[in-house]
Amino acid sequence: MPRRPIIPRDLPVHDVRYNSQLVTRIINMLNFIGKKTKSTRIAYDAMEIIREKTGEDPAVILSRSIENCRPLLETRPRQVGGATYQVPSEVRPYRSETLAMRWLVSYARARKGAPMSKRLAEEILQGSRKEGSVFKKREEMHKMAESNRAFAHYRW
């Protein structure tokens with residue numbers, strides 16, 4: 001039993017416009033060199049683009065996109081007797097949301113030829129439709145965990 005107490009995680013406050021923690025977390029992920037107002041502007045512009053394209057609430061589409069793209073399984077390296085095995089394990093909900101958001105932002109940054117708000121909006125829309133590079137990354141992760149299922153007994 002651990003001697004240290006479990007310290008509760010400080011969750012971000014809800015953002016002003018959409019009253020959503022996910023939007024706040026996306027803004028914080030977009031934050032680059034401390035320019036939070038710029039990342040806020042990019043996130044809100046992306047949400048407006050989503051509203052124009054779909055006519056739905058963008059916060060709902062963002063949460064659907066993250067729900068579709070979050071991984072349920074991942075592989076972690078585990079060393080047993082000189083050999084390193086990729087052991088599949090379940091991903092905790094908060095970490096899986098963080099991974100999905102990280103992938104959304106990184107794949108939006110990797111796209112070229114459009115403003116960041118348009119690229120982010122397109123990645124979010126593709127994730128909500130279960131297509132695109134973020135959903136493909138999730139499927140790859142699940143395939144990897146499935147193929148290494150034989151090493152699941154090494155999990156601790």
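Quick caveat: nothing in here was measured; it's all calculated off a predicted structure.
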### Query
Would you call Lys137-Glu140 a salt bridge at under 4.0 Å N-O?
no

### Query
Does the Thr24 side chain pair with the main chain of Ser20, one donor and one acceptor, at a distance under 3.5 Å?
yes

### Task
Kindly compute the distance separating OG (Ser89) from CG (Asn148), expressed to the nearest 0.5 Å.
11.0 Å

### Message
How close do Thr75 and Ala145 get, counting heavy atoms only, and between which atoms?
### Response
CG2-CA, 3.6 Å

### Message
How close do Pro77 and Thr84 get, counting heavy atoms only, and between which atoms?
### Response
CB-CG2, 3.9 Å

### Message
Any side-chain to backbone donor/acceptor pair from Arg119 onto Arg111? Under 3.5 Å, distance only.
### Response
yes

### Query
Looking only at heavy atoms, which two atoms of Phe135 and Lys130 are closest? And how far apart?
CD2-O, 3.5 Å

### Message
Can you tell whether the side chains of Lys136 and Glu139 come within less than 4.0 Å, N to carboxylate O?
### Response
no

### NZ/NE/NH1/NH2 to OD/OE distance under 4.0 Å, Arg95 and Glu90
no

### Task
Answer yes if Tyr18 and Leu104 sit in the same cluster of Ile, Leu, Val, Met, Phe, Trp and Tyr residues linked by side chain heavy atoms under 4.5 Å apart, and no otherwise.
yes

### Message
Under 4.5 Å between side-chain heavy atoms, counting indirect links through other Ile/Leu/Val/Met/Phe/Trp/Tyr residues: same cluster for Tyr44 and Met116 or not?
### Response
yes

### Query
With sequence neighbours left out, what residues match Asp57 under salt bridge (charged side-chain N to carboxylate O under 4.0 Å, His left out)?
none

### Query
Quick one: does Asp45's side chain have a donor or acceptor within less than 3.5 Å of a partner on Ile49's backbone?
no

#### Entry: Donor-acceptor under 3.5 Å (Ser65 side chain, Ile61 main chain)
no

### Task
Identify the heavy atoms of Ser117 and Ala46 that sit nearest to each other, and give their distance.
O-CB, 3.4 Å

### Query
Should Arg76 and Glu74 count as an ion pair when the cut-off is N to O under 4.0 Å?
yes

### Query
Is Met29 reachable from Ile50 through a run of I, L, V, M, F, W or Y residues, each pair having side-chain heavy atoms under 4.5 Å apart?
yes

### Query
Do you see a donor-acceptor pair shorter than 3.5 Å between the side chains of Asn28 and Lys36?
yes

#### Entry: Charged N-O contact under 4.0 Å between Arg25 and Glu97
yes

### Message
Here's a test for you: under side chain to side chain contact (heavy atoms under 4.5 Å, CB included), which of Arg149, His142, Lys143 qualifies with Glu146?
### Response
Arg149

### Task
Would you confirm whether Arg109, through its side chain, and Leu30, through its main-chain N or O, come within 3.5 Å as a donor-acceptor pair?
yes

### Query
Between Met144 and Ser147, which heavy-atom pair has the shortest distance, and what is it?
O-OG, 2.9 Å

### Summary
Here the pair of heavy atoms bringing Leu11 nearest to Gln21 is CB-NE2, 3.7 Å

### Message
Are Met141 and Tyr85 linked, directly or through intermediate hydrophobic residues, by side-chain heavy-atom contacts shorter than 4.5 Å (ILVMFWY only)?
### Response
no

### Task
Kindly say whether Val23 contributes a backbone atom to a donor-acceptor pair with the side chain of Asp15 at under 3.5 angstrom?
no

### Query
Would you find a donor on one side and an acceptor on the other, under 3.5 Å apart, between the side chain of Arg70 and the backbone of Ser96?
no

